[in-house]
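Next up is a structure, given as structure tokens.
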Amino acid sequence: MSSVPPYDPQLVEAKWQARWARAHSNEPELDRPARPFYNLMMFPYPSAEGLHVGNMFAFTGADIHGRFQRLQGYDVFEPIGFDAFGIHSENYALSVGTHPAKLIPKNIETFRRQLRRFGGMFDWRHELSTTDPKYYKWTQWIFLQLFNAGLAFRKKAAVNWCPKDMSVVANEQVINGYCERHPDTKVEQRFLEQWFFNITRYAERLLNNLDRLDWSDSTRTLQRNWIGRSEGAELIFETPAGTKIPVFTTRPDTVFGATYLVLAPEHPLVDQLTAEEQRSKVNAYRREVQGKDIVSRKVGDKAKTGAFLGSYARNPATDEAIPIWIADYVLMEYGTGAIMAVPAHDRRDFEFATQFRLPIREVVRTDEPLPSVTEDGVLVNSGKFDGMPCRQAQRDIVAWLKDKRLATPQVQYRLHDWCISRQRYWGPPIPIIYCARCGPVGVPERDLPVELPFIEDFRPNASGVSPLARHKEWYFVKCPQCGAQGSRETDVSDTFLDSAWYFLRYPSTEFDDRPWDPKRTQTWLPVTSYIGGNEHAVLHLLYSRFVTMVLHELGKVPFDEPFPKLRAHGLIIKDGAKMSKSRGNVVIPDAYIQKWGADTVRLYLMFLGPFQEGGDFRDTSIIGVRRFLDKVWTTAHEAAGQEAGPLPAAVERKLHETIKKVTTDTERLDYNTAISAMMEYVNLVREQGAGSRAAVEPLLLMVAPYAPHLAEELWAVLGHDRSIFQATWPRYDANLAAGADVEVVVQVNGKVRGRVTVNRGASEAQVVELALRDESVRKFVDGKPVRKTIYVQDRLLNLVV
RNA sequence: GCCGGGGUGGCGAAAUUGGUAGACGCAAGGGACUUAAAAUCCCUUGGGGGGCAACCCCCGUGCAGGUUCGAGUCCUGCCCUCGGCACCA
């Protein structure tokens with residue numbers, strides 16, 4: 001054998017990365033692409049620790065997809081950027097005592113280096129950072145588009161206040177009542193005036209469009225649950241004094257069983273409905289509730305508490321007067337903030353009624369004990385509706401009450417409007433000026449961006465007022481409408497607004513006078529393929545869809561869904577747990593890349609488990625994929641010195657099988673099985689000593705998306721002078737892949753007893769005849785008559801005796 | 001509680017969706033080469049049993065049933081686990 005040079009990944013990778021950069025080979029023609037393919041991955045937050053293997057796992061999977069599509073002949077645009085604003089970055093800056101404006105550029109520098117080193121096919125001309133004024137100018141512009149359309153408004157509302165962050169956080173950032181970033185800190189409820197985006201107006205469309213998106217089911221389900229659509233009716237309960245109390249219910253069929261009403265303690269009608277003799281009790285209860293944090297209020301299995309208001313309302317179905325209570329198990333944020341309590345058919349109402357000895361009336365007959373919540377039953381104690389099945393009664397009772405103007409069919413959503421105000425420093429200032437005469441006025445477009453001023457002391461405080469208010473020269477400003485003295489909004493916007501439109505910006509980063517160029521947008525968007533983690537299933541993906549929907553309505557973009565095709569990758573865990581700084585199990589890939597090379601690490605990450613499920617990072621098995629690359633290396637070098645010759649039949653067949661499998665698996669992101677198919681193939685080639693050019697070239701093309709540097713190098717070794725990524729993905733011949741003959745399994749009574757080799761497409765009779773000649777089969781048939789034969793063409797024969 | 005994943009060798013995992021369970025890889029054991037080591041190559045490797053032997057038999061995909069010629073895959077009822085939602089009316 002000719003001498004094969006050693007495989008030195010450091011050398012090979014440096015060489016090809018330099019060439020790609022020099023040749024601009026990762027920078028597609030954006031204006032006139034023949035076949036545009038926008039390959040998007042979720043941009044990272046540039047943490048101080050650097051890119052970890054979880055990021056690299058996600059980016060490698062997406063990069064393989066991009067490189068594969070490039071080999072299919074697409075002009076692949078694969079941009080990258082940095083989601084660098086936000087409380088995350090700011091808290092870290094606070095903890096190390098460095099200003100984020102100094103820290104972030106350093107972190108980004110590290111990320112850039114790492115992203116280049118692992119060999120991503122990134123178009124660096126279009127890098128962006130959300131902290132760049134040239135970027136957030138347009139984040140502010142988007143805010144103003146919503147503001148002008150009446151979709152951004154100020155509202156005094158109960159909001160989630162994190163005492164650690166000393167800021168309001170969105171509903172989506174509260175987990176079980178605890179702050180997403182501070183799992184030991186309970187979120188408090190504060191009543192503050194905040195900016196909201198009216199996402200609930202789009203709830204129905206956000207929900208319905210899910211059906212036509214090519215997304216994984218798991219992600220769609222998460223969004224569906226988050227939006228939380230409930231169908232039901234609003235029913236009116238009226239007091240003798242004529243006050244109407246609307247309640248929302250999903251079970252109007254149970255209205256005859258509503259034996260009392262419960263309002264949220266904050267309900268605006270409480271004062272008016274409270275009888276004098278009950279006032280002190282009621283007020284005491286309301287104070288008690290106010291003192292509770294959200295967790296102890298919202299967790300369900302506590303004993304019920306409440307207070308009777310001393311007044312009554314009329315049940316619209318029975319005309320009975322039923323008592324009105326307040327209780328903290330009723331939430332002001334949902335529905336009308338008031339419920340009709342049907343203790344016989346609702347677990348919570350049942351507990352409450354039991355506790356306070358309120359009447360329980362069964363109105364749905366089932367075979368379950370009370371409280372029974374099923375809708376499979378028939379009505380009882382319900383006047384003329386007795387005997388009617390629940391589902392029919394739901395419609396008929398609403399219709400009946402509707403005629404009396406006491407009911408309206410209604411749909412409720414769990415989704416709340418998106419609170420975007422943050423009382424923090426590190427974000428884009430909300431571009432609003434307050435004027436005593438004109439009210440809140442949008443900053444005119446010509447004055448954008450409202451730059452975030454540098455302030456030395458950017459610490460938040462518990463006052464609910466942002467640090468920016470301390471910068472007086474920045475704070476005081478003339479009203480753009482009337483010229484009077486005004487002041488700026490000092491809150492910054494939520495980071496999720498930054499990331500809700502970055503994909504629109506990428507193709508147009510060189511334009512300073514527009515957020516995105518209409519022609520570029522027309523060409524490249526919506527995003528062809530989006531790959532990212534399921535941790536963003538509700539936040540980022542929902543917000544991006546909302547923003548896109550609004551922009552579409554305003555005529556700013558020609559589509560209403562940004563990501564028609566989305567795939568979620570799994571999570572890389574370490575020692576059985578999610579990687580996190582607090583657990584101290586974050587793995588940074590640099591040392592592994594140093595030791596093994598980027599190609600090996602890429603391949604390892606893709607081989608350790610299914611891409612869409614993730615897996616455990618254990619460095620012990622890296623050697624396996626490295627051995628595979630070594631074999632490819634050796635085989636290709638040996639082939640370079642050989643005359644081209646025909647492939648042995650077995651190798652040819654395996655080659656076509658392999659191309660078929662690798663093609664479909666790579667397409668479907670089943671990278672782990674694609675890699676094992678390539679391993680099988682190279683093993684066979686070596687076993688058969690068949691390492692010719694004809695055997696190796698297609699292999700290199702298949703390896704190229706996975707281990708791009710190695711593939712380039714070996715492609716050159718085989719004498720090609722153009723990049724392998726300008727070549728075409730190999731084709732397979734279905735007939736060759738299938739082979740001429742097949743092994744058919746022979747079972748007797750469902751147990752495998754033998755195998756026969758026959759021509760593909762052999763008839764049942766032929767196979768039966770052959771099978772009955774097999775000694776072991778005969779033994780089990782044992783002379784008994786064959787009662788039945790089941791034949792699966794080219795696969796299996798089962799003889800039943 | 002509700003909604004979704006998932007449970008397969010010592011380990012990571014495959015299995016064309018009802019048709020040979022454990023491909024591929026790691027680890028382990030044995031061997032070849034070597035003064036030696038590394039690297040490389042070959043063999044063995046789910047459990048149990050039988051045979052001088054090429055080999056053969058039984059059991060085996062969380063548990064208990066069921067459907068089927070045939071079940072890791074479908075159905076019923078459980079157990080465990082991961083993720084999401086949760087006093088949402």
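Just so we're on the same page: letters track the sequence lines, and every chain starts at 1.
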Quiz item: rC88(B) P sits how many Å from Tyr334(A) OH, rounded?
Solution: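 It is 9 Å, rounded to the nearest whole Å.
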Exercise. Determine if the base of rG6(B) is syn or anti; take syn to mean the glycosidic torsion is within 90° of 0.
Key: anti
Quiz item: Among rC24(B), rG19(B), rA14(B), which is the nearest nucleotide to the side chain of Ser676(A)?
Solution: rC24(B)
Quiz item: With a cut-off of under 6.0 Å to the ring centre and 45° to the axis, is Arg545(A) in cation-pi contact with Trp215(A)?
Solution: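 Here Arg545(A) passes the 6.0 Å and 45° test against Trp215(A).
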Quiz item: Counting only Watson-Crick or G-U wobble pairs whose two distances fall under 3.5 Å, which nucleotide matches rC63(B)?
Solution: rG77(B)
Exercise. Would you please confirm or rule out a distance under 4.0 Å between OP1 or OP2 of rC57(B) and any side-chain N or O of Arg753(A)?
Key: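 Yes, within the criterion.
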Quiz item: What nucleic acid atoms does Asp349(A) come within less than 4.0 Å of, heavy atoms only: base, sugar-phosphate, or nothing?
Solution: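 Result for Asp349(A) = nothing.
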Self-check item: Distance, rounded to the nearest Å, where Asp670(A) contributes CG and rA13(B) contributes C1'
Solution: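 Taking atom C1' of rA13(B) as the reference, CG of Asp670(A) is at 13 Å.
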Exercise. Considering only atom P, compute the distance from rU73(B) to rU68(B) and round it to an integer number of Å.
Key: 16 Å
Quiz item: Which of these nucleotides, rC87(B), rA21(B), rA27(B), is closest to any side-chain atom of Ile623(A)?
Solution: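 Side chain of Ile623(A) sits closest to rA27(B).
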Quiz item: Under 4.0 Å: is that the gap between some side-chain N or O of Arg627(A) and OP1 or OP2 of rU40(B)?
Solution: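 The answer is yes; a side-chain N or O of Arg627(A) sits under 4.0 Å from OP1 or OP2.
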Quiz prompt | Euclidean distance for C1', rG31(B) against rA14(B) (whole angstrom) | solution = 29 Å
Quiz item: Whole-Å distance between rC11(B) C1' and Phe607(A) CZ?
Solution: 13 Å
Quiz item: Looking at Phe352(A), does the NZ or CZ of Lys304(A) lie under 6.0 angstrom from its six-membered ring centre and within 45 degrees of the ring axis?
Solution: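 Negative - Lys304(A) is either too far from the ring of Phe352(A) or too far off its axis.
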Practice problem: Describe the nucleic acid contact of Glu743(A) in one word from base, sugar-phosphate, nothing, applying a heavy-atom distance below 4.0 Å. | Solution: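 Base contact.
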Quiz item: Taking OP1 and OP2 of rA89(B), is either one under 4.0 Å from a side-chain nitrogen or oxygen of Ser230(A)?
Solution: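 Answer yes for this pair, as a side-chain N or O of Ser230(A) is under 4.0 Å from OP1 or OP2.
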Exercise. Assert yes or no for the condition that the ring centre distance of Phe628(A) to Tyr706(A) is strictly below 6.0 Å.
Key: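 No.
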Quiz item: Any donor and acceptor pair, going by atom type alone, linking the side chain of Trp633(A) with main-chain N or O of Pro5(A) inside 3.5 Å?
Solution: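 Yes; at least one donor-acceptor contact below 3.5 Å.
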Self-check item: Distance-only donor-acceptor test (3.5 Å): side chain Asn225(A), base rC85(B)
Solution: no
Self-check item: Arg348(A) CZ to rC2(B) P, straight-line distance once rounded to whole Å
Solution: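 Arg348(A) atom CZ is separated from rC2(B) atom P by 14 Å.
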Exercise. Check whether any side-chain N or O of Arg251(A) sits under 3.5 Å from a backbone N or O of Gly232(A) as a donor-acceptor pair, and report yes or no.
Key: no
Quiz prompt | Pair Asn798(A), Lys788(A): side-chain N/O donor-acceptor within cut-off below 3.5 Å | solution =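 No, because no side-chain N or O of Asn798(A) sits under 3.5 Å from a partner of the opposite role on Lys788(A).
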Self-check item: Residue matched to rA23(B) through Watson-Crick or wobble contacts both under 3.5 angstrom
Solution: none
Self-check item: Partner nucleotide of rG1(B) by Watson-Crick or wobble geometry (both distances under 3.5 Å)
Solution: rC85(B)
Quiz prompt | Rounded distance (Å) that lies between atom C1' of rU68(B) and atom CD1 of Ile790(A) | solution =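 The distance from CD1 of Ile790(A) to C1' of rU68(B) comes to 9 Å, rounded to the nearest Å.
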Exercise. Determine the Euclidean distance between corresponding P atoms of rG19(B) and rG70(B); express it in Å to zero decimal places.
Key: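 These two P atoms come out 15 Å apart once rounded.
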Self-check item: Gap between atoms NZ and C1', on Lys788(A) and rG19(B) respectively (whole Å)
Solution: 14 Å
Self-check item: Closest listed nucleotide, where the reference is the side chain of Asn798(A) and the choices are rC87(B), rA89(B), rC69(B)
Solution: rC69(B)
Exercise. Report which part of the nucleic acid Val792(A) touches: base, sugar-phosphate, or nothing (heavy-atom distance under 4.0 Å, all strands).
Key: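 Contact class for Val792(A): base.
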Quiz item: Of the nucleotides rA89(B), rC24(B), rA14(B), which one has an atom closest to the side chain of Ile339(A)?
Solution: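 It is rA89(B).
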Quiz prompt | Closest-nucleotide ordering on RNA chain B, the 5'-leading residue of Ala677(A) and Arg414(A) | solution = Ala677(A)
Quiz item: If we take the P atom in both rC87(B) and rG1(B), what is their distance in whole Å?
Solution: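 Rounded to whole Å, the distance is 15 Å.
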Quiz item: In terms of the angle between their ring planes, are Phe57(A) and His569(A) parallel, tilted or perpendicular, with boundaries placed at 30° and 60°?
Solution: perpendicular
Practice problem: If rU40(B) has a Watson-Crick or G-U wobble mate with both distances under 3.5 Å, name it; if not, just say none. | Solution: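 rA32(B) - that is the nucleotide pairing with rU40(B), both distances being under 3.5 Å.
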Self-check item: Nucleotide rA14(B), atom P - distance to OH of Tyr671(A) in whole Å
Solution: 15 Å
Quiz item: Given the P atoms of rG46(B) and rC24(B), what is the spacing between them in whole Å?
Solution: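 Per the computed distance, 13 Å lies between those P atoms.
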Quiz item: Quick check: does any side chain N or O of His345(A) sit under 3.5 Å from a backbone N or O of Val364(A), one acting as donor and the other as acceptor?
Solution: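 Here the side-chain-to-backbone pair exists.
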Quiz item: At under 4.0 Å between heavy atoms, what does Val330(A) touch on the DNA or RNA strands: base, sugar-phosphate, or nothing?
Solution: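 Base contact.
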Self-check item: Closest listed nucleotide, where the reference is the side chain of Arg618(A) and the choices are rA89(B), rA15(B), rG12(B)
Solution: rG12(B)
Quiz item: What's the closest nucleotide to the Glu680(A) side chain, out of rC24(B), rC57(B), rC88(B)?
Solution: rC24(B)
Quiz prompt | Distance between P atoms of rC82(B) and rA13(B) (Å, rounded) | solution = 16 Å
Self-check item: Side-chain-base donor-acceptor pair under 3.5 Å for Gln747(A) and rG19(B)
Solution: yes
Quiz item: What interatomic distance, in whole Å, is found between P of rA54(B) and the corresponding atom of rA38(B)?
Solution: 32 Å
Quiz item: NA contact type, Leu331(A), heavy-atom cut-off 4.0 Å: base, sugar-phosphate, or nothing?
Solution: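 It contacts base atoms.
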Quiz item: Would you say a side-chain N or O of Asn672(A) is under 4.0 Å from OP1 or OP2 of rG25(B)?
Solution: no
Self-check item: Whole-Å C1' distance, rA23(B) and rU8(B)
Solution: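 Result for the C1' pair: 13 Å, nearest Å.
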Quiz item: How are the rings of Tyr604(A) and Phe617(A) set to each other: parallel, tilted or perpendicular (split at 30° and 60°)?
Solution: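 Perpendicular.
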Quiz item: Under 4.0 Å between a side-chain N or O of Asn534(A) and OP1 or OP2 of rG5(B)?
Solution: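 Checking rG5(B) against Asn534(A), no side-chain N or O comes under 4.0 Å of OP1 or OP2.
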Practice problem: Could you state the atom-to-atom distance from CG of Leu542(A) to P of rC85(B) in whole Å? | Solution: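 Rounded to whole Å, this separation is 13 Å.
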Quiz item: Which nucleotide, rC24(B), rA14(B), rG70(B), lies nearest any side-chain atom of Pro610(A)?
Solution: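 For Pro610(A), the side-chain atoms sit closest to rA14(B).
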Exercise. Choose from rA27(B), rC69(B), rC85(B) the nucleotide whose nearest atom is closest to any side-chain atom of Trp226(A).
Key: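 Nearest to the side-chain atoms of Trp226(A), counting from C-beta on, is rC85(B).
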Quiz item: Where does rU17(B) fall, syn or anti, if syn means a chi angle no more than 90° from 0?
Solution: syn
Self-check item: Phosphate-side-chain proximity, Lys751(A) and rC59(B), N/O vs OP1/OP2 below 4.0 Å
Solution: yes
